Amino acid sequence: MRALRPLLLALGLAAAAAHGAGAQGGDTAPAEQAVGGLSQNRVSITAGFDGSEIFVFGAVRREAPVPQDAGPLDVVITVEGPTLPVTVRRKERVLGIWVNTDSVRIDEAPSFYAIASTGPLDQILSETARLRHRIGFDKAVRTVGARSQVEDPQSFLDAVVRIRLRNGLYNRQDDTVNLREETLFSTEVQLPANLVEGEYSARMYLVRDRQVQHLTQQVITVRKDGLERLIYTTAQERPLLYGLLSLAVALAAGWAASEVFRFLRR
Amino acid sequence: MQIYLPIAEVSVNAFLLLGLGGMVGVLSGMFGVGGGFLMTPLLFFIGIPPAVAVATEANQIVASSFSGVLAHLRRRTVDLKMGGVLLVGGLAGSAAGVRIFALLREMGQVELLVTLSYVLFLGIIGGLMFFESLRAIRRSSKPGARPAPRRHHSWVHGLPLKMRFRQSQLYISAIPVLLIGAMVGVLAAIMGVGGGFIMVPAMIYILGMPTKVVVGTSLFQIIFVTGFTTLMHATQNYTVDAVLALLLLLGGVIGAQIGARIGVRLKAEQLRILLALMVLGVCGKLAFDLVVQPTELYSLGPGGGH
């Protein structure tokens, strides 16, 4: 991985240069565009899967030099897993024991969410820009419409973020994006072992004056593979066969152990 | 060595699972309990989703019980007729239990009611067994004291539909046997256990079966009830994890063989008092967790219905 990095950076740069030469810009094209890449577009979950590390890198393509009066360039990189609804329950003390009482169904919460940036998020991006692009835990985890029956729905949203931060599913690190001479940028994103399958999107935002100037997106496919895939699809598509096979394995193992021990005792 | 479980969708240490399986297997062989009442909470602790833990545990109990019952069959300590009658009640109870489980899950209260039923049943049974075996040990340690005569007439003996159970040396009504089977079946489905920890004392104290056939007969019946439960979980909830089950049962079947041999060497009273202490220990821990404020008051679940 470490040895690979300079090569990947070089490739990114070459790609950026090639793009720049090829596309003779339309009028509306922004002055600066991000061109990004990933160390891998596929994550295979196999028996030995214990998390993965993805290297996200890219370069800034410019038609003209940077204007003198523009603020410094910042880069924000997010990797977001499939968004699924989630039910949050809260315990309260009832008759001396702790019982689930209130619950809130949260319509949108990414199953995985990592944010890396060149600086503190709320300083380099305005509130409206974060809202518009849904950058940050508070913007990504939300309920649509106000039909919640509890007094403090915000504490339920906070709980999702807190629990997933603890499980390594959410991750926010300011100052972990490397930006070289306002041109080359890169960061590493840790994927934990408890991933769900699906399409993950890696987004790279170029930020100036607290506004998003340009955004590019790459897709990472997370999929079970090999034996893991076979077991999973059998369980989903042929549940009866799968159940009978599980029973057969259990009975065979029980019988084998009994025979082995009988043999050992002789 | 970390291994990724395809259905549970988490990565855990393979040796940890083998060790847990082995430990619970020893208990299974010694006491004729499936060990699910210990294993299911242990699986929650290491981060296996509860639905997967309950379903997979049923499959693992099939293996360790089968291994144990083979050893008992050879020693002729299984009352097949009694097991068959218990089983009829057990399957009916298990089918009812799965419906109750689904209902509670919708209400988000399944965790609480599972814990409460654990505390209630483990507390009552553990307490009863503990004091009874303590009394038995005191009696037998007094020199010259006669062993207490078995009570020959209780309410069980007044019911109709009598059957002869030759191996247990009993001539009793089939009604209490069917009821015990059904009750254990319901608990098996709701609590994700084989139900041996309830069946064993029920057979000793309610039916009056001799201790030496109790363990084998209990294991015999558990195989079928948990096998039925495994199939239902596999076809309805898709929550049986084959890799997890395999690791647990590898340890489990070996443990069960060792346990069956330790069990033969111990006296019946010692066996019962040990089981009673263990049952009370698990009960105490679960009750403690209910009363003490949890560090995280919130929990996440899949966001299915509204």
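Just so it is clear, the model here is predicted, and its values are computed rather than measured. Note on naming: letters A, B, ... go to the chains in the order of the sequence lines (proteins, then strands), and numbering restarts at 1 for each one.
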Do you know the tightest heavy-atom contact between [X] and [Y]?
X        : Y        : result
B:Ala234 : A:Pro239 : O-CB, 3.3 Å
B:Tyr4   : A:Ile45  : CE2-CG2, 3.0 Å
A:Asn100 : B:Ser299 : OD1-OG, 4.4 Å
A:Ser246 : B:Val240 : OG-CG1, 4.1 Å
B:Pro6   : A:Ile231 : CG-CG2, 3.8 Å

Side chain, backbone, both or neither: which part of [X] has an atom under 4.5 Å from a heavy atom of chain A?
X        : result
B:Val292 : backbone
B:Ile3   : both
B:Ala245 : neither
B:Thr230 : side chain
B:Leu5   : backbone

Separation between [atom1] of [X] and [atom2] of [Y], rounded to the nearest 0.5 Å:
X        : Y        : atom1 : atom2 : result
A:Arg93  : B:Leu297 : CZ    : CG    : 10.5 Å
B:Leu231 : A:Leu247 : CG    : CG    : 4.5 Å
A:Leu251 : B:Leu70  : CG    : CG    : 9.5 Å
A:Glu228 : B:Ile7   : CD    : CD1   : 9.0 Å
B:Asp289 : A:Ile97  : CG    : CD1   : 12.0 Å
A:Arg90  : B:Tyr298 : CZ    : OH    : 4.0 Å

[X] versus chain B, heavy atoms under 4.5 Å apart: side chain, backbone, both or neither?
X        : value
A:Thr234 : neither
A:Arg166 : side chain
A:Arg162 : side chain
A:Leu195 : backbone

| field | Residue selection (most heavy-atom pairs with chain A, distance under 4.5 Å) from B:Asn59, B:Leu249, B:Val10, B:Asp241 | value |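 Result: the option with the highest number of such pairs is B:Asn59.
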
| request: Find the one option among B:Thr226, B:Val291, B:Ile223 whose heavy-atom pairs under 4.5 Å with chain A are most numerous. | output: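 If we count pairs closer than 4.5 Å to chain A, B:Val291 comes out on top.
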
Does atom [atom1] of [X] have more than 12 heavy-atom neighbours, drawn from other residues, nucleotides or ligands, at distances under 6.0 Å?
X        : atom1 : result
A:Trp255 : CH2   : no
B:Arg76  : CZ    : no
A:Arg132 : CZ    : no

| query | Strictly by modelled atom types, are A:Tyr242 and B:Thr235 linked by a side-chain donor-acceptor pair under 3.5 Å? | reply |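 No - no donor-acceptor pair under 3.5 Å links their side chains.
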
| field | B:Ser11 side chain to A:Phe49 backbone, donor-acceptor under 3.5 Å | value |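 Here the side-chain-to-backbone pair exists.
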
